[in-house]
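Just so we're on the same page: letters track the sequence lines, and every chain starts at 1. As a basis for the values below, the full set of heavy atoms in this structure was taken, side chains included, without hydrogen atoms, waters or symmetry mates.
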Amino acid sequence: MIKYTLEKQLSAAIAIYLDRPDLDARLDVPNNTSYGDYSTNVAFLLAKSLRFAPQKIAEMLCEKLAADPAFNDYLTFTPINGFVNVRLSDRFLWSRLEALFEKRDRFPSHDQSRTLLEYVSANPTGPLHVGHGRWAVLGDVMARILRFSGADITREFYINDAGNQIKNFYRSVDAARAGDPIPEDGYHGDYILELAKSYDDPIQVMLDRQIQTLRRLDVEFDSWYSEKSLHNNGKVSQALSLMKEKGLTYEQDGALWFASSRFGDEKDRVLIKADGNLTYFAVDVAYHVDKIDRGFTRLLNIWGADHHGYVPRVRAALAGLFGDKFDTDQGFHVLIGQLVSLFRNGEPVRMSKRTGEMVSLDEVIDEIGVDATRFFLIQKSADTQLDFDLELASRKSSENPVYYVQYAHARMCSIVEKVGILGPFNNLESLVLLPEERTLLLKALQIYDDIYDTALMLSPHRLVQYLTDLARTFHNFYEACPIMKATGPDKAKRLYLLLQVREVFRLCFGLLGISAPEKM
RNA sequence: GUCCUCGUAGCUCAGUUGGAUAGAGCGUCAGAUUCCUAAUCUGAAGGCCACAGGUUCAAUUCCUGUCGGGGACACCA
C-alpha cells in the first residue's frame, strides 16, 4: 500500500506544520506525471482560512517537507500551480519492489465482519442468460478480491425452488409431457420439450445445468440455499412471528401487512395475501433474517436492475427487526447489476425466458471462450447497461482486450524462458532507472492500492483498468528496454523487475479468474 | 404520472470525499521489425463531458430544471 502509507504520513506531517490536527490530506496521481508521482491539493483547501494564496502555502509546505528528516532521503517536493507534488526516489521504489510480496502492510486494517455475498440466485426454470453471467462474474471476482484483502466471506446461491414460478414451470413441462399445448403464461423455450422427454425432476435438471454453466465460467459457491427449506423448517413463520412481536405488522383487507413505510419504504407491503398465501417478500425477509441468525454481520447482494425497487423494503425489514445495525450500507448493501443487451450484427437479440427466444450464457461461452466472457462482463462498471454484439465479439476475438493483457504475460514468460533466471539480484537499487523501467516499477507497486480501492468501492472493473494500464506500461518497457541484449547489472535489474511484474500479473489474473498463458 | 438509473471520441466504455492539458480499447490515417513473440510500439485525426441554470478560487464530478435511453412502480416472482 504505497499510496495509502504515504498519504497517512504526509497528512500527519502537514497537520502538524499547519496546526490542523483534523487535517486529512489526500494524494492523487497527477494527470501530468512530469509534475510528480503523487500530488495533494491541501493548499487550495486551506487557502481561505489561512489567508494565503495556494501557491504560497504549497511553497511553504514543500520547504518544510523537504527539511523533514522523515522524508528527505527518499521524497522530493515541488510546488506547482498550488499543488504539492511528491516524487519518490528510485532507491526507495526499488526497496519497495523487493518487499512487494511480503504480507505485512499490504492492507491497512483487517475487516472484522463476517460477510455473506449472495449472487446469481436465478430461478431454476431455464438456462442462465448473459445477465446472469454478468452477476456471476461480478460476484465471483468481488469475492476473490474481498477474500484476498482479508475479509471473511461466504459465497451463496439462493435457489428459488418454491412459489408460483415453480408451479408454472412444472405445469409447462407436464403439458409438454402429455403432448398438450403449453399454457399461454407458461415457459415456451425448446428446452421445455427437451425436459419433457425424461422423467427426471425438471427443477433438478435445470439446477444441475446452471451449476455446470457456472463451473465452466469458474464461478463457485460455498453454499446453495434452498427457498423450499425455509418453508419446511419453519423459518418463514418464525420471521413473521418476530415481526408481529415487534409490532411491525397489521391486518387489513384480510391480508397481513408490514409497516415498511415507517422505515423509509414508499408504502407498506403485504406479507400474507388475503388468500392465505405468502408473498415472495415475506419469504425473502425470512431468508435475510436467517442470514443474520447464521452469524453474518455484513450482507452483500447482487441483484438485477429489475429488482432495484425491491431494495428499500428489504432494508426496511432489517431496520425494523434489527435497528440501524443492518440499516446502513455497511451492514446491508445491494449491488445493482444492469442488464446486458445482446446484439447480433447490430440487431438486438431478445432475452425473454418465456418466449424461449434467447441466447444462453453457454452459447456465449462457446462462441468467445471463458477468458473473454469473464473479461468482457467484468470490465465495465456494474451499473452501466452493457451492449454486447456477439458477432463482433467472435469475429474480432483476436483483438479482444483480454488478449492485450495476456499477451504481456506471454511475452514475459518467453523472455524468462530464453534468458533464464540469472542472479545475483543484489545491489540493484543503486542503478539509475530509465523512464520506462521506472513507470513500470511504480505501476507494479500500486497493485495493493488498487485492490484496496476495488474492495472498498465494490467495483471490480477498477482492477481490469489497472491491469490494462500495467500491460501498457509493460509493452512500453518491452520496446525500450531489451533484456537479452543487456549486459551486467542492467540485465539483472530488468530481469528482476520483470519477474516481480509477472507475479503482479499472475495475482491479477487470479483475482479476475482468467488464465495466464505462457505462450500465445 | 411518480421514483431510481444512465447520457463522456465514429463504436464500446473508464474517469469517487470537486483540482493542473478529460483518458483507454476498438475503428480510421501515417510510420516502426538485420533486435527477447508486430496479438506489440510511435505519431495523427477525432470532444459544447446531452442541454440550461446554480453553488465556488475551481464542476465531467455537487444542486435544480429540461430532453433522451433503460428500469421499477402488485395481495407477481
Inset, instruction - Using a 3.5 Å limit on both pairing distances, list the dot-bracket string of RNA chain B from the 5' end; Watson-Crick and G-U wobble pairs count, crossing pairs take [ ], interstrand pairs take |. - result: (((((((..((((.....[...)))).(((((.......))))).....(((((..]....))))))))))))....
Inset, instruction - Say whether, by atom type as modelled, one donor and one acceptor occur between the side chain of His409(A) and the main chain of Pro517(A) under 3.5 angstrom. - result: yes
Legend entry - Which residue lies more 5' along RNA chain B, comparing His461(A) with Asn164(A) via nearest heavy atoms: His461(A)
Inset, instruction - Using the C1' atom as the reference point in each nucleotide, state the distance between G18(B) and U60(B) in Å, no decimals. - result: 10 Å
Legend entry - Spacing of OG1 belonging to Thr279(A) relative to CZ belonging to Phe258(A), to within rounding of 0.5 Å: 11.5 Å
Legend entry - Working for salt bridge (charged side-chain N to carboxylate O under 4.0 Å, His left out), residues Lys291(A) and Glu156(A): CA-CA 10 Å; Lys291(A) 288 178 179 178; Glu156(A) 185 159 281; 5.5 Å; no
Legend entry - Whole-angstrom distance between G70(B) and A50(B), as gauged at atom C1': 16 Å
Legend entry - Quiz item: Asp28(A) side-chain donor-acceptor pair to A20(B) base, under 3.5 Å: no
Legend entry - Integer angstrom distance from the P of G65(B) to that of C75(B): 29 Å
Legend entry - C63(B) to A24(B) separation - P atoms, rounded to the nearest Å: 29 Å
Between the protein and nucleotides 57-60 of chain B, are there any N/O to N/O pairs under 3.5 Å, and if so, what are the atom names and distances?
residue, atom, partner, partner atom, Å
C57(B), OP1, Lys48(A), NZ, 2.7

Using the 3.5 Å cut-off, write out each protein N or O paired with an N or O of nucleotides 21-25 of chain B and the distance between them.
residue, atom, partner, partner atom, Å
U21(B), O4, Asn32(A), ND2, 2.9
A24(B), O3', Arg472(A), NH1, 3.0

Inset, instruction - Would you check if the distance from the ring center of Tyr452(A) to the ring center of Tyr4(A) is below 6.0 Å? - result: yes
Inset, instruction - May I ask you to say what Ser459(A) touches in the nucleic acid, namely base, sugar-phosphate or nothing, with a heavy-atom cut-off under 4.0 Å? - result: nothing
Legend entry - Side chain of Phe83(A) - closest among C75(B), G19(B), A72(B): G19(B)
Legend entry - Stretch residues 255-263 of chain A: residues that reach within less than 4.0 Å of RNA chain B through a heavy atom: Ala255(A), Trp257(A)
List, with names and distances, any nitrogen or oxygen atoms from the protein found under 3.5 Å away from nitrogen or oxygen atoms belonging to nucleotides 2-11 of chain B.
residue, atom, partner, partner atom, Å
C4(B), O2', His308(A), NE2, 3.4

Legend entry - Whole-angstrom distance between A39(B) and A45(B), as gauged at atom C1': 25 Å
Legend entry - Phosphate OP1/OP2 of A74(B): any Arg269(A) side-chain N/O under 4.0 Å: no
Inset, instruction - Give me the residues of residues 484-492 of chain A where at least one heavy atom lies under 4.0 Å from an atom of RNA chain B, by number, or none. - result: Met484(A), Lys485(A)
Inset, instruction - Please determine, for the side chain of Asn81(A), which listed nucleotide (A20(B), C13(B), C76(B)) has the closest atom? - result: A20(B)
Legend entry - Whole-angstrom distance between A9(B) and C48(B), as gauged at atom P: 8 Å
Legend entry - P gap between C3(B) and A74(B), integer Å: 15 Å
Legend entry - Interatomic distance, Ile447(A) atom CD1 to Glu503(A) atom CD [nearest 0.5 angstrom]: 12.0 Å
Legend entry - Whole-Å C1' distance, A30(B) and G46(B): 15 Å
